[in-house]
Amino acid sequence: QVQLVESGGGLVQAGGSLRLSCVASGDTFSSYAVGWFRQAPGKEREFVAARSWSAWGVGNTYYGESVKGRFTVSRDNAKNTVFLQMNNLEPEDTAIYYCAAYASIAYSGVSYFSDRRTVAFWGQGTQVTVSS
């Protein structure tokens, strides 16, 4: 079992930046691939970014099309934390952002990470609001 707690959300103007954090507890955090999803009002939960598992602790990164070039996902296994750096924010980025730990390290790629059914554990979410 892994418990995930997000923080860092808030209100920011368009063009600004935020950095989300997700601290994990419970099972060995470094054993999981991790990522972020978001859900805007009235919309389905959408894949944002993921970082795959690696025996060397680095992993590859994957992004949703709408955030490529603006968001960066990283992890610090020593601190059991995954980050989402969000730059050049747009009003369309307004949503609740959820941290995710995936069920398997045997698969990779955007197709796997963007499928909500592959997520084993979810955080409670943190609100990000971008004003125009």
Side-chain angles (χ1 to χ4, degrees):
Q1 289 284 333
V2 174
Q3 293 77 44
L4 304 171
V5 179
E6 303 96 332
S7 63
L11 174 64
V12 63
Q13 287 189 331
S17 298
L18 279 176
R19 188 193 196 201
L20 305 183
S21 299
C22 173
V23 178
S25 60
D27 205 349
T28 307
F29 173 70
S30 59
S31 300
Y32 291 87
V34 291
W36 294 89
F37 285 73
R38 67 185 181 186
Q39 189 166 17
K43 295 188 176 181
E44 290 190 351
R45 195 166 295 191
E46 173 192 26
F47 170 71
V48 174
R51 193 164 192 110
S52 63
W53 178 87
S54 168
W56 296 273
V58 178
N60 295 319
T61 54
Y62 303 87
Y63 297 96
E65 286 297 323
S66 62
V67 306
K68 278 184 179 178
R70 300 187 297 123
F71 290 13
T72 302
V73 59
S74 61
R75 66 189 298 170
D76 185 338
N77 288 337
K79 296 182 178 180
N80 288 347
T81 303
V82 57
F83 302 99
L84 184 67
Q85 178 66 43
M86 306 186 293
N87 297 329
N88 195 21
L89 283 160
E90 304 168 351
E92 293 74 24
D93 296 316
T94 295
I96 299 174
Y97 283 70
Y98 297 91
C99 182
Y102 291 87
S104 174
I105 61 173
Y107 305 100
S108 188
V110 172
S111 295
Y112 175 75
F113 288 124
S114 62
D115 186 345
R116 297 190 301 273
R117 298 171 296 179
T118 65
V119 175
F121 304 103
W122 293 99
Q124 85 289 347
T126 185
Q127 176 71 47
V128 172
T129 303
V130 185
S131 63
S132 57

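Everything quoted here is computed from the prediction, not taken from an experiment.
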Could you check if a side-chain atom of [X] sits within less than 4.5 angstrom of a side-chain atom of [Y], using non-hydrogen atoms only?
X      : Y      : value
Phe113 : Ser108 : yes
Thr72  : Tyr63  : yes
Val130 : Glu90  : no
Gln85  : Asn87  : yes
Cys22  : Trp36  : yes
Leu84  : Tyr97  : yes
Thr129 : Val12  : no
Thr94  : Val128 : no

Flag, side chain of [X] to backbone of [Y], donor-acceptor distance under 3.5 Å:
X      : Y      : value
Arg70  : Asn88  : yes
Tyr102 : Ala50  : no
Thr126 : Ser7   : no
Glu6   : Gln124 : yes
Tyr112 : Ser104 : yes

>> For the residue pair Arg38 / Ser66, report whether a side-chain donor-acceptor contact shorter than 3.5 Å exists.
In response: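 Short answer, yes.
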>> Checking Thr81 against Asp76: is there a side-chain donor and acceptor pair closer than 3.5 Å?
In response: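 No, because no side-chain N or O of Asp76 sits under 3.5 Å from a partner of the opposite role on Thr81.
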To the nearest 0.5 Å, what is the distance between [atom1] on [X] and [atom2] on [Y]?
X     : Y      : atom1 : atom2 : value
Phe83 : Ser21  : CZ    : OG    : 5.0 Å
Glu92 : Ser132 : CD    : OG    : 9.0 Å
Phe71 : Leu18  : CZ    : CG    : 9.0 Å
Leu89 : Ser17  : CG    : OG    : 6.0 Å

>> Are Phe47 and Phe37 an aromatic pair, judged by ring center distance below 6.0 Å?
In response: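 Distance test on ring centres: under 6.0 Å, yes.
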Please find the pair of heavy atoms, one from [X] and one from [Y], that lie closest to each other, and give the distance.
X      : Y      : result
Ala14  : Pro91  : CB-CD, 4.1 Å
Leu4   : Cys99  : CD1-O, 3.8 Å
Ala100 : Val119 : CB-CG1, 3.7 Å
Val67  : Val48  : CG2-O, 3.4 Å

>> Would you say Val5 ends up clustered with Trp122 if hydrophobic residues are merged whenever their side chains have heavy atoms under 4.5 Å apart, either directly or through other cluster members?
In response: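 Shared cluster, no.
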>> Between Tyr98 and Val110, is there shared hydrophobic-cluster membership here, with clusters defined by ILVMFWY side-chain heavy atoms closer than 4.5 Å?
In response: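 Per the 4.5 Å side-chain linkage, Tyr98 and Val110 are co-clustered.
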> Within 45° of the ring axis of Tyr62 and under 6.0 Å from its six-membered ring centre, is that where the NZ or CZ of Arg51 lies?
Replying inline: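 Verdict for Tyr62: no cation-pi partner in Arg51.
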> Cation-pi between Arg75 and Trp53: NZ/CZ under 6.0 Å from ring centre and within 45° of the ring axis?
Replying inline: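 No, cation not above the ring by the 6.0 Å, 45° rule.
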